[in-house]
Amino acid sequence: MPAADDSADSGARTVAHESPAPARILKATAERAAEMLSCGAGAVEEIGRRAGADAADALKLLEAVSGSASQLLKVNLQLVPLMTSLQRHRSKYKWWRWFTGEQLEQEVFFTDVCKQIEILAEQGQGGHAGMATQIALLTAQHQLMGTEIELLEADIEAARLLASPAYAGHCRRAGLDRDDLARLVRRTSNLESMVTATRLTRVQYQVAIQHAKSVSDRYGEIRSLLLPIWKQSVGFDLFSHRVSDQLG
């Protein structure tokens with residue numbers, strides 16, 4: 001394996017002059033370049049080898065989280081209006097509500113609406129629990145993509161160092177010819193495009209995570225705050241209707 005001599009350090013400083021970086025990054029870049037050269041003619045294939053996330057599985061996970069969030073959002077949007085529609089009216093003009101049929105309408109639909117609320121609450125609870133697992137998996141994938149980007153960027157910098165004039169002798173001694181160096185440049189360009197695409201995908205993941213958390217938190221508020229208040233508010237009427245149904 002070629003030694004990281006003064007010429008190599010000079011090459012690293014040349015790259016650093018074009019794009020300033022901390023000394024530890026320059027050292028890591030030189031070490032990664034040396035690892036690539038140790039592969040001889042296979043140095044080109046070594047670039048980007050450490051990064052290997054399964055994009056297909058990640059995409060399925062993203063679609064699953066988005067679908068779960070959409071379903072739970074529908075539950076959220078239906079639950080609150082249903083609960084509001086059954087708020088008890090304590091107006092002194094009760095006779096007017098009986099006269100206009102408002103009271104009768106509420107009595108007729110009371111039981112059905114209560115059942116709808118209970119069904120939606122159960123659906124939401126199941127979706128809420130499942131989404132917590134999906135969010136955790138997507139968050140882990142988001143972090144993994146960050147690591148992938150770091151590895152790809154490190155390889156790109158090392159490849160640029162190998163393609164620099166300061167490393168021409170090292171590449172020649174490692175068995176890399178002009179065609180190999182041309183492939184090296186093309187592969188580096190492809191990896192740069194991959195990094196750009198991965199960054200954009202990672203942003204989409206972050207948006208999906210935030211949206212899923214928002215929907216999940218909203219259901220949690222409905223479940224822990226609004227539903228208990230609603231049950232307390234209509235509890236007596238709910239009990240009365242159920243008893244009437246059983247006796248009827």
Side-chain angles (χ1 to χ4, degrees), residues 25 28-29 32 35-36 39 42-83 115-160 183-227:
I25 295 180
T29 299
R32 181 57 179 156
E35 290 178 1
M36 292 178 178
C39 298
V44 177
E45 284 70 25
E46 178 66 13
I47 302 173
R49 180 186 59 79
R50 299 181 300 178
D54 194 329
D57 289 344
L59 183 58
K60 290 179 182 178
L61 179 59
L62 180 62
E63 291 176 347
V65 172
S66 298
S68 297
S70 296
Q71 291 298 322
L72 191 56
L73 178 60
K74 290 180 181 179
V75 171
N76 291 348
L77 293 177
Q78 293 177 50
L79 265 176
V80 176
L82 282 174
M83 286 187 290
K115 289 180 179 179
Q116 292 180 45
I117 292 175
E118 291 177 347
I119 292 173
L120 285 171
E122 291 178 1
Q123 291 177 351
Q125 186 64 16
H128 183 260
M131 228 170 72
T133 300
Q134 292 178 332
I135 291 174
L137 291 173
L138 192 61
T139 300
Q141 186 65 39
H142 180 266
Q143 295 172 346
L144 177 60
M145 292 178 72
T147 301
E148 295 278 327
I149 290 174
E150 291 178 358
L151 292 174
L152 287 172
E153 288 181 332
D155 278 12
I156 289 172
E157 291 303 316
R160 287 173 177 169
R183 289 173 54 226
L184 177 69
V185 172
R186 289 195 299 271
R187 188 169 179 83
T188 303
S189 178
N190 291 336
L191 291 183
E192 289 173 343
S193 299
M194 184 183 299
V195 167
T196 299
T198 304
R199 285 188 182 281
L200 292 175
T201 302
R202 194 164 185 257
V203 170
Q204 293 178 336
Y205 275 42
Q206 183 61 38
V207 171
I209 291 171
Q210 291 176 346
H211 175 63
K213 285 183 176 179
S214 176
V215 173
S216 180
D217 290 345
R218 177 53 178 163
Y219 176 78
E221 293 174 354
I222 293 174
R223 180 73 180 180
S224 61
L225 298 177
L226 299 184
L227 272 174

So CG of L138 and CG of L144: to nearest 0.5 Å the spacing works out to 11.5 Å

Sequence neighbours left out, cut at 3.5 Å: what donor-acceptor pairs do the side chains of residues 128-135 make with other protein atoms?
{"unit_1": "H128", "atom_1": "NE2", "unit_2": "S216", "atom_2": "O", "d": "3.4"}
{"unit_1": "H128", "atom_1": "NE2", "unit_2": "S216", "atom_2": "OG", "d": "3.2"}
{"unit_1": "Q134", "atom_1": "OE1", "unit_2": "S68", "atom_2": "OG", "d": "2.7"}
{"unit_1": "Q134", "atom_1": "NE2", "unit_2": "S68", "atom_2": "OG", "d": "3.4"}

V65 to A212 - nearest heavy-atom pair and separation:
CG1-CB, 3.8 Å

Check side-chain contact (heavy atoms from CB on, under 4.5 Å) between E45 and all other residues, then give those that pass, not counting sequence neighbours.
R183

Do T196 and E192 pass the side-chain contact (heavy atoms from CB on, under 4.5 Å) test, and can you show the C-alpha distance, the side-chain angles, and the key distance before you say yes or no?
CA-CA 6 Å; T196 299; E192 289 173 343; 5.7 Å; no

Go through the steps to decide whether E157 and I25 satisfy the test side-chain contact (heavy atoms from CB on, under 4.5 Å), and finish with yes or no.
CA-CA 10 Å; E157 291 303 316; I25 295 180; over 6 Å; no

Compare every heavy atom of T188 with every heavy atom of A159, then report the nearest pair and how far apart it is.
CB-OG1, 3.3 Å

Distance check, rounded to the nearest 0.5 Å: I47 atom CD1 versus C39 atom SG?
10.0 Å

Can you name the residues that form a side-chain contact (heavy atoms from CB on, under 4.5 Å) with E63, not counting sequence neighbours?
L59

Between the main-chain N or O of T139 and the side-chain N or O of Y205, is there a donor-acceptor pair closer than 3.5 Å?
no

Output, in order, the C-alpha distance, side-chain angles, deciding distance and verdict of salt bridge (charged side-chain N to carboxylate O under 4.0 Å, His left out) for R49 and E46.
CA-CA 5 Å; R49 180 186 59 79; E46 178 66 13; 2.8 Å; yes

Reported NE2-to-CG distance for the pair H142 and L137, which is rounded to 0.5 angstrom:
14.5 Å

When you measure from the side chain of D155 to the backbone N and O of G48, does any donor-acceptor pair fall under 3.5 Å?
yes

Interatomic distance, S214 atom OG to I209 atom CD1 [nearest 0.5 angstrom]:
13.5 Å

Of all residues at least two apart in sequence or in a different chain, which pass the side-chain contact (heavy atoms from CB on, under 4.5 Å) check with R199?
I149, E153, V195

With rounding to the nearest 0.5 angstrom, report the CD1 to CG distance, I156 to N190.
10.0 Å

Tell me, please, which residues at least two apart from E122 pass salt bridge (Lys or Arg N to Asp or Glu O under 4.0 Å).
none

Which atom pair, heavy atoms only, marks the closest approach of R32 to A158?
CG-CB, 3.7 Å

Salt bridge (Lys or Arg N to Asp or Glu O under 4.0 Å) contacts touching residues 203-218 (sequence neighbours left out)
R218-E221

The side-chain contact (heavy atoms from CB on, under 4.5 Å) partners of Q210 (sequence neighbours excluded) come to Q206

Please confirm whether the backbone N or O of V44 pairs with a side-chain atom of R187, one donor and one acceptor, at under 3.5 Å?
yes

Is there a donor-acceptor pair under 3.5 Å between the side chain of Y219 and the backbone N or O of L73?
no

May I have all residue pairs that pass side chain to side chain donor-acceptor pair (under 3.5 Å) and include part of residues 69-79, sequence neighbours excluded?
none

Evaluate L227 against I117 for side-chain contact (heavy atoms from CB on, under 4.5 Å), listing each step before the verdict.
CA-CA 9 Å; L227 272 174; I117 292 175; 3.9 Å; yes

Quick one: CE on M145 to OG1 on T201, what's the gap to the nearest 0.5 Å?
5.0 Å

